[in-house]
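Both counts, for ligands and for their atoms, begin at 1 and track the order of listing.
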Amino acid sequence: MSNDAMLVIDKLGKNFGGVTVVEDVSFTVPRGGRTALIGPNGAGKTTTFNLISGVVPLDQGTIHLDGRRIDQLPARKRIGVGLSRSFQNIRLMPHLSVVENVMLGQHSQIEGIGGLFAPIGLMRNHPARHVAIEKLGDAGVDVDPDGPVSGLPYGTRKRIEVVRALMSRPRLLILDEPAAGLNPRETAELSDFLKNATADGLTLLVVEHDMAFVHGLCDHTVVLNFGRLIYDGLTQGVQADPAVREAYLGARSVPTSGAGRVA
Ligand SMILES: Nc1ncnc2c1ncn2[C@@H]1O[C@H](COP(=O)(O)OP(=O)(O)OP(=O)(O)O)[C@@H](O)[C@H]1O
Ligand SMILES: [Mg+2]
């Protein structure tokens with residue numbers, strides 16, 4: 001196993017009710033790099049993220065994070081060893097404020113009783129609150145941190161989720177369609193924010209349909225189709241690859257170098 005690998009996926013497999021949705025998938029995410037995981041709708045991208053983060057158990061294969069085998073660990077322990085994620089569908093707590101939602105991501109960093117109560121506003125001066133507000137600013141989320149998260153525009157809530165995922169100070173951050181629903185300006189801001197966030201060694205694995213976003217952010221791309229890996233290489237080679245072109249043609253869409261969804 002290479003010392004330069006942050007995440008090593010080996011022969012990953014998953015069946016749902018006898019239907020294979022991830023089959024013999026192996027790839028490596030280089031340490032400190034930004035890797036994209038793309039593929040047509042239903043290709044198995046979110047399932048792969050669920051297997052990596054431990055949201056669903058795998059049927060075959062192994063997963064190593066920074067040299068440590070993690071595929072048998074419960075999801076919360078994977079956070080403890082440096083993994084953090086966002087979800088394709090927004091999972092914020094609507095009755096909590098913006099900053100409280102972000103502080104929820106820091107729960108593994110806050111010790112004892114403080115950790116229990118900090119996110120629900122009982123510790124207004126806890127250092128985690130200041131970190132959360134600072135990171136919201138870094139991400140260009142210009143809203144009242146004490147205001148309710150519900151009612152905020154979709155693109156703003158998506159970015160709040162990304163900020164929350166960063167609060168556990170992960171070594172590997174996996175984001176499932178973080179740019180979906182963002183306008184072009186928000187997408188560009190998110191891309192810059194993620195470049196800054198990864199400048200000091202954080203490793204990123206991102207599922208995204210927006211190929212302009214992928215090209216701007218990730219030099220390494222892996223492609224899934226019907227649960228199988230069909231490409232692993234430079235992002236700039238993706239669109240010319242015959243197997244990738246065929247996969248997207250089969251999905252009645254072609255990856256383009258312009259903005260917009262691939263599939
Ligand atoms: N819990 C589940 N039970 C049964 N089938 C599932 C489950 N989760 C996912 N699937 C199926 O697995 C396949 C892959 O789904 P997945 O959500 O991983 O695709 P995806 O690549 O993330 O697609 P999209 O781009 O639309 O988000 C789909 O056929 C889906 O219906
Ligand atoms: Mg998905």
Side-chain angles (χ1 to χ4, degrees), residues 7 9-27 29 34-63 71 74-75 78 83-92 154-155 157-159 161-162 164-165 172-182 187 190 194 204-215 217-218 220-233 235 238-239 241 243-256 258-263:
L7 183 72
I9 306 285
D10 192 38
K11 299 186 177 64
L12 206 58
K14 182 67 189 175
N15 306 287
F16 286 118
V19 178
T20 302
V21 297
V22 174
E23 187 174 9
D24 199 27
V25 166
S26 302
F27 65 91
V29 176
R34 297 188 293 260
T35 296
L37 172 60
I38 71 167
N41 292 117
K45 306 179 297 294
T46 295
T47 303
T48 299
F49 269 21
N50 288 341
L51 299 174
I52 295 169
S53 58
V55 174
V56 299
L58 49 68
D59 293 327
Q60 276 105 35
T62 59
I63 304 170
D71 51 84
R78 298 189 201 191
L83 176 67
S84 189
R85 75 169 291 180
S86 74
F87 289 87
Q88 184 170 353
N89 302 312
I90 289 177
R91 292 195 183 184
L92 295 172
Y154 183 84
R157 285 183 287 134
K158 286 289 282 190
R159 283 186 291 168
E161 274 216 326
V162 174
R164 179 175 68 180
L172 173 68
L173 177 65
I174 64 176
L175 302 176
D176 197 349
E177 300 200 25
L182 269 58
T187 302
L190 177 67
L194 292 174
L204 182 70
L205 175 64
V206 58
V207 165
E208 189 51 66
H209 285 285
D210 181 336
M211 280 308 287
F213 179 82
V214 168
H215 273 282
L217 188 63
C218 304
H220 176 220
T221 292
V222 292
V223 185
L224 289 182
N225 189 37
F226 292 118
R228 298 192 71 103
L229 191 94
I230 59 166
Y231 181 90
D232 181 348
T235 302
V238 167
Q239 276 135 318
D241 185 83
V244 175
R245 294 183 73 82
E246 197 180 317
Y248 279 96
L249 281 169
R252 297 180 186 281
S253 58
V254 191
T256 64
R261 286 171 69 89
V262 174

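- Across the listed options Gly17, Gly44, Gly42, Gly42 owns the non-hydrogen atom lying nearest to atom 23 (O) of ligand 1.
- Figure legend: cation-pi geometry between Arg157 and Tyr154 absent, as NZ or CZ is not positioned both under 6.0 Å from the six-membered ring centre and within 45° of its axis.
- No hydrogens or angles considered: a donor-acceptor pair under 3.5 Å links the side chains of Thr46 and Asp176.
- Where the criterion is an N or O separation shorter than 3.5 Å, residue side chain and backbone included, Phe16 fails it with respect to ligand 1.
- Residues Leu175 and Val207 have side chains not in contact (no heavy-atom distance under 4.5 Å, counting atoms from C-beta outward).
- Taking every heavy atom of His209 and a limit of under 4.0 angstrom, the matching atoms of ligand 1 come to 25 (O).
- Within the 4.5 Å cutoff, the side chain of Leu205 has no heavy atoms near those of the Leu173 side chain.
- Around the CZ atom of Phe226, the shell of radius 6.0 Å holds no more than 12 heavy atoms that belong to other residues, nucleotides or ligands.
- In Asn41, the parts holding a heavy atom less than 4.0 Å from any atom of ligand 1 are both the side chain and the backbone.
- Taking only nitrogen or oxygen atoms, main chain and side chain alike, Thr48 does not reach within less than 3.5 Å of ligand 1.
- Ile38 places none of its side-chain heavy atoms less than 4.5 Å from the side chain of Glu208.
- Around the Mg ion (ligand 2), the protein N, O or S atoms closer than 2.8 Å are Thr46 OG1, Gln88 OE1, listed by chain and residue number.
- A donor-acceptor contact shorter than 3.5 Å links the side chain of Ser84 to the backbone of Ala165.
- Stacking of Arg245 on the aromatic ring of Tyr248 is not recorded, the 6.0 Å distance cut-off and the 45° axial limit not both being met.
- By the 4.5 Å heavy-atom criterion applied to side chains, Leu92 and Glu161 are counted as neighbours.
- Here is the list of ligand 1 atoms found below 4.0 Å of a heavy atom in Glu177: 25 (O), 27 (O).
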